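Below, chains carry the letters A, B, ... as their sequence lines are ordered, and counting in each starts from 1. Since this is a predicted model, take the numbers as computed values, not measurements.
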There are 2 protein chains.
Amino acid sequence: MRKERKERLEAKGWKVGTAREFLGLSDEEAAYIELKLRLAESLRKRRRHRRLTQADLAMLVGSSQSRVAKMEAGDPSVSLDLLIRSLLALGTSSRELSRIISSPRFASAT
Amino acid sequence: MRKERKERLEAKGWKVGTAREFLGLSDEEAAYIELKLRLAESLRKRRRHRRLTQADLAMLVGSSQSRVAKMEAGDPSVSLDLLIRSLLALGTSSRELSRIISSPRFASAT
DNA sequence: GACCGATATGCCGAATTTGACATATGGTAG
DNA sequence: CTACCATATGTCAAATTCGGCATATCGGTC
């Protein structure tokens with residue numbers, strides 16, 4: 001996998017709609033990144049809802065505060081795997097997970 | 001991550017309903033494995049629908065035939081990450097992805 | 001201002017995941 | 001049976017991701 005490329009940038013300031021137009025991303029890469037950001041956003045929302053600190057969540061999933069911070073930031077160094085595992089650890093159901101994945105981050109438009 | 005445990009077995013003969021009852025899996029682990037199996041199943045279905053061989057798909061996602069075989073078998077050595085990336089490479093939309101994730105593998109019942 | 005809890009960022013060695021290869025198995029046509 | 005193609009399985013070095021740690025930054029409160 002050669003994702004050292006644009007992924008470095010993915011979550012810097014591109015939390016906005018589609019990054020696709022700014023960088024030269026393939027549909028597939030764009031979809032992957034979008035997905036990651038949706039999960040990241042949701043993770044943070046759910047953690048806060050439960051009134052947990054990043055450190056709490058880290059403990060819960062057997063990770064570290066810094067990794068949780070990276071997850072929520074959509075950092076390229078975190079995999080969908082860990083993101084999803086964390087959501088599951090927070091008690092997210094498949095049903096809810098599916099909703100997260102299909103929900104538009106803003107309004108896809110265009 | 002200490003998944004060397006039961007995951008060794010996960011995809012052996014446990015394509016059935018919930019593995020949860022046989023092995024001592026936590027809700028979270030069970031959900032994770034179920035999810036993986038759903039994606040695996042879907043990947044195979046979609047690849048076949050497109051009349052592609054595992055080698056074709058491998059080429060498409062920049063992987064190898066053996067890895068594709070492992071993906072479709074839900075092998076513990078493949079991550080959700082790769083599984084999802086492959087589905088995306090096959091043109092699966094977020095919408096479809098979400099449907100895959102929430103769809104029961106059989107009939108969850110009980 | 002100083003202090004404090006929460007979060008962000010950079011780094012590193014350890015652990016996991018990957019692609020590739022060899023090889024085995026399965027099915028099918030000749 | 002042989003040949004061929006698709007798929008399965010095992011292994012391994014290289015690449016990626018991991019947890020943990022140190023440290024920086026960001027509000028609040030005093």
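C/dG19 atom P lies 14 Å from atom CE of B/Met59, rounded to whole Å. Atom P of nucleotide D/dA15 and atom CG of B/Asp81 are separated by 18 Å, given to the nearest angstrom. Look at CZ on B/Arg85: it is 10 Å from C1' on D/dT16, rounded to the nearest Å. In this structure, A/Leu60 places its CG atom 13 Å from P of D/dG19, rounding to the nearest Å. We find that CZ of B/Arg67 is positioned 5 Å from C1' of C/dT18, with the value rounded to whole Å. Nucleotide D/dA6 holds its C1' atom 14 Å from the CG atom of B/Leu57, rounded to whole Å. Rounded to whole Å, atom P of D/dT17 lies 14 Å from atom CD1 of B/Ile84. Following rounding to the nearest Å, B/Leu80 (CG) and C/dT18 (P) show an atom-to-atom distance of 10 Å.
Looking only at distances, no side-chain donor or acceptor of A/Lys36 sits under 3.5 Å from a matching main-chain atom of A/Leu83. B/Thr92 places a side-chain N or O within 3.5 Å of a backbone atom of B/Leu87 that can act as its donor or acceptor partner.
Contact record, A/Ser63 with A/Met71: OG-CE, 4.5 Å, taken as the closest heavy-atom pair.
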Discussion item. Walk me through whether B/Lys70 and B/Ser77 qualify under side-chain contact (heavy atoms from CB on, under 4.5 Å).
Written reply: CA-CA 8 Å; B/Lys70 280 161 211 193; B/Ser77 86; 4.2 Å; yes

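In terms of polar N and O atoms assigned as donor or acceptor, the side chain of A/Ser64 comes within less than 3.5 Å of the base of D/dG20 in a complementary pairing.
With A/Ser42 as the fixed residue, the side chain to side chain contact (heavy atoms under 4.5 Å, CB included) test singles out one of A/Ile101, A/Leu37, A/Leu97, A/Ile100: A/Ile100.
Among pairs with a residue in residues 47-56 of chain A, those fulfilling salt bridge (Lys or Arg N to Asp or Glu O under 4.0 Å) read A/Arg47-A/Glu72, at least two apart in sequence or across chains.
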Worksheet item: Could you write nucleotides 3-8 of chain C as a row of B, S and -, 5' to 3', where a protein heavy atom under 4.0 Å of any base atom gives B, of only sugar-phosphate atoms gives S, and otherwise -?
Response: ---SBB

